[in-house]
Visitor: 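Below you will find the structure I want to go over with you.
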Amino acid sequence: MNKLKNITILLCVSIWPLSFIVKNGLLEFLRYSLLPVALAIAFVVYKKSSPKAIIIALAIPLFILTSSYKNTIFNFDYQAQQKILRDTKLYKNIFLARLFHNKARIVIDKLNDNFFAMTDPNNYFFGFAPRQLVGNQNLVKFPFLALPFVLYGIWKGDKNKKFILISFAVSIFFLSLFSNFDKFDLILWFPISLSFVNGVKRTNSKVLNILFIIFSIPEILSIFIK
Amino acid sequence: MKKILTFTSFILIILVAILTRFYKLGEAPTGLYLDEAAQGYNAYSILKTGKDEFGKTLPIVFRSFTDFKTPVYIYLIVPLIQIFDLTKFTVRLPSAVFSILTFPFVYLLLKKLIPDKSPTLPLLVCLFLAISPWHVLFGRTNFETNVAIFFFVAGTYFFYKGLEKPLFLIISGILFAIAIPSYHSQRIITPLILAVLFIKYKNILFSKPHIKPLITSIVLGLLISLPTLSVATTPGFLMRASGLNIFSHLRQKPAGYKENCKSIFCPIINNSIYLSTKEFAGLYISYFSPRSMFILGDSGPRSSYPSLSTFYIWQFPFYIYGIYTLLKSGKTPKDLKFFVLSMLLVSPVPAALTRDPYSTIRSEPLVIPQIIIFALGFYELINKFKSKIVITSIWATLLVVVMYSLTKLYSSVIILNEHYRATEWNYGWEEVSKTIQLQDRNLPTIVDNSRSEPYSQLLFFLKFDPETYQKENFEVPIKEYYTNMDRNKNKKIGNITTRPIIWNKDIYEKQYLIGDGLSISQNQINEHQLELVRLITYPDWSIAFKIVKTNPEAKCIWENYQNPLCKPN
């Protein structure tokens, strides 16, 4: 049973890195994998030191994230501005027009778009299908049958629950500030994989594990075959 | 005192619901989509002749564009035409009315499911439903789904009432039986929910006081369903299911299929069981995805409003907390939890079987459990506080937020939708029809149908005599109404014919030509000596339709009568 679980875990956690490498090359992967690696180091620090060290531990990936800022949602967007001008002309009441169409809305809408894209389960388990994201690689990150394991892992929780939730929430917050979070979101591989591992460990069904393995094989093969 | 407050609150909520559904009903959207016009005209035809547009007497499903529309909504319009005439308001009225009628049953159902009978949660649910963009959209337009939800919710309420007073099971059975033919997705949702309810409450249902009413309700339900069952295996009845479902690989390959795959592993990665399962799972999960619910909404331009998703973004935290409350906290009453979870899990199934991502029309029953979850989240949150000042502040904040949401609804529904979605709502055919009526009736008119099927809108706005239309148009023999899928897209409406314009022939006949900007370009008007009778534009000033009059004499003179179709003076 343990061997089966290990295969399940290996198959699941390897898909995102593999699809990233195939799509972007090894060098790009090594560059962006600093983020989840830093988070993993933070996790080790968290486990070994006092749990309060989580705050210091999270500083590493956050530092890497903030220093990767090149484009943010605060950058000037000409097209969005023009749309606001067009929409405000449709209203007879200028107050109403300004209430819903203003410059602040441009930033808020982008923040919302990013945040909800990263909290979308279809992002991680179906490559954003059926509603792929424009300007994103829409990589398949985890096999779709990993979803019940991840949900079960979150539901049951374990001693790492605090780290998983905080690292996930903080990462998503900062990623939402990017104009394009694609590739940087590789940092989320770590907390989601932890949840998956927790879910698998708490599941003692041979059938589920075998089913998972069977359905994961085509997913892995699809990464390599054009 | 409490009862008065509850009643007053409920009435206020109903007034809000009436406002959001009835304000400019029939005027926003201004256009009338072809399905809406087809339903309206078929109802008109039934009223005048007892037959649909094809001459079929009281059809069980309406052939229309061989999409075989469900019958309940169309038959509901019939008596209304007698009162209000055939107008956009009339055909959208049943949606609005049944949308409002759903509220008391939602309220009463929730009161039944909550042991302490507190009215707060049911009132919250009704309030959120009153301002729900999802429920409002389908309550303002001629879509059958809101009517189906009414019968479904009412049937569920009487089911629960029947568990206490068995005779109400009969009413429940009748309402469920009407729900099934009301909309396509109810053919799956209602039987599944009935099965779930039956399994859950079988001990009560099979008890002595309940057995006779149960049998009576089943018999009555089957009797009402007999007409539907009589055509259930025909290609017509199954048309929607076979055409749209993701397992229909004859029409298109499953999502993720790799074309021209040359590897030895292709049979594995292109395996249809794997791909179809994955596709269904992806589509199904998207109905619970916060991105779909609070940001993207429905991708269909007629199933969504600009700048507005299916739910308001401020409801997201209550969605998360509501799910937590429902599943983990143990505070949710058992019956309520069972009902919400059942509806939550079953409602997206028919929609997820079709390829359209996040189809709100097919999954509309999902609005009920999801709104209950929001309300539950808010209700549990407010219960955490003891201070009256804090509680009052929270309620006051909710009121402000609701007012903001109503304003946003107005902005999207009345202002933005008219500007951005006019094309999708087939704006312009009413103006075309009015113009036709002012022109020389002796001259024929050709209406181009290369990119659309305008005949239903022309019939609707011209209120063309159904008997004449039935005689002049043939599609399939009546005995093949449900089985023959052939279509005749070219229609004759008196002097008007809908067909593609044949440029090398039509310009040599004195007649009117009507088409969109692509069908009739300015170059063609100049080249063929056409006279522009009227230019109809969309609200954004882009060209909708051109109505031109041919001038064969001028054309022939210009061509020196070289064309054999030219008739010399």
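Any value given below was found using the heavy atoms of this structure, including those in side chains, with hydrogens, waters and symmetry copies removed.
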Visitor: B:Ile414 versus chain A, heavy atoms under 4.5 Å apart: side chain, backbone, both or neither?
Guide: neither
Visitor: Above 12 or not: heavy atoms from other molecules or residues under 6.0 Å from NZ of A:Lys201?
Guide: no
Visitor: With a 4.5 angstrom heavy-atom cut-off, could you sort out which part of A:Phe215 is near chain B: side chain, backbone, both or neither?
Guide: both
Visitor: Donor-acceptor pairs under 3.5 Å, chain A to chain B, main chain and side chains both?
Guide:
| from | atom 1 | to | atom 2 | distance (Å) |
| --- | --- | --- | --- | --- |
| A:Asp87 | OD1 | B:Tyr420 | OH | 2.3 |
| A:Tyr91 | OH | B:Ser411 | OG | 2.4 |
| A:Asp120 | OD1 | B:Ser289 | OG | 2.7 |
| A:Asp120 | OD2 | B:Arg291 | NH1 | 3.3 |
| A:Asn122 | ND2 | B:Gly282 | O | 2.9 |
| A:Arg131 | O | B:Arg291 | NH1 | 3.0 |
| A:Arg131 | O | B:Arg291 | NH2 | 3.2 |
| A:Arg131 | NH1 | B:Gly297 | O | 2.5 |
| A:Arg131 | NH2 | B:Gly297 | O | 2.9 |
| A:Trp155 | O | B:Lys328 | NZ | 2.7 |
| A:Glu219 | OE1 | B:Lys278 | NZ | 2.9 |
| A:Ser222 | O | B:Lys258 | NZ | 3.4 |
| A:Ile225 | O | B:Lys258 | NZ | 3.3 |

Visitor: Centroid separation under 6.0 Å, is that true for the rings of B:Phe316 and A:Phe116?
Guide: yes
Visitor: Can you see which heavy atom on B:Ala281 is nearest to which on A:Phe144, and at what distance?
Guide: CB-CD1, 4.0 Å
Visitor: What are the two closest non-hydrogen atoms of A:Pro121 and B:Pro290, and how far apart are they?
Guide: CD-CD, 4.2 Å
Visitor: Is B:Phe265 atom CZ crowded by more than 12 heavy atoms from other residues, nucleotides or ligands, each under 6.0 Å away?
Guide: no
Visitor: Does A:Tyr78, at its OH atom, have more than 12 non-hydrogen atoms belonging to other residues, nucleotides or ligands within less than 6.0 Å?
Guide: no
Visitor: What part of B:Leu296 lies closer than 4.5 angstrom to a heavy atom of chain A: side chain, backbone, both or neither?
Guide: both
Visitor: Is it the side chain or the backbone of A:Ile108 that comes within 4.5 Å of chain B heavy atoms, both, or neither?
Guide: neither
Visitor: What part of A:Phe224 lies closer than 4.5 angstrom to a heavy atom of chain B: side chain, backbone, both or neither?
Guide: neither
Visitor: Is it the side chain or the backbone of A:Leu96 that comes within 4.5 Å of chain B heavy atoms, both, or neither?
Guide: side chain
Visitor: Looking at B:Leu327, B:Leu283, B:Leu275, which has the largest count of heavy-atom pairs under 4.5 Å with chain A?
Guide: B:Leu327
Visitor: Go through the structure and list residues passing side chain to side chain contact (heavy atoms under 4.5 Å, CB included) with B:Pro317, not counting sequence neighbours.
Guide: none
Visitor: By a 4.5 Å heavy-atom criterion (distance strictly below it), what part of B:Ile295 contacts chain A: side chain, backbone, both, or neither?
Guide: side chain
Visitor: Grab the two heavy atoms, one from B:Ile269 and one from A:Leu221, that are nearest each other, plus how far apart they are.
Guide: CG2-CB, 3.5 Å
Visitor: Tell me, for A:Ile214 versus chain B, whether the close heavy atoms (under 4.5 Å) come from the side chain, the backbone, both or neither.
Guide: neither
Visitor: How long is the gap from CD1 on B:Ile268 to CD1 on A:Ile217, to the nearest 0.5 Å?
Guide: 7.5 Å
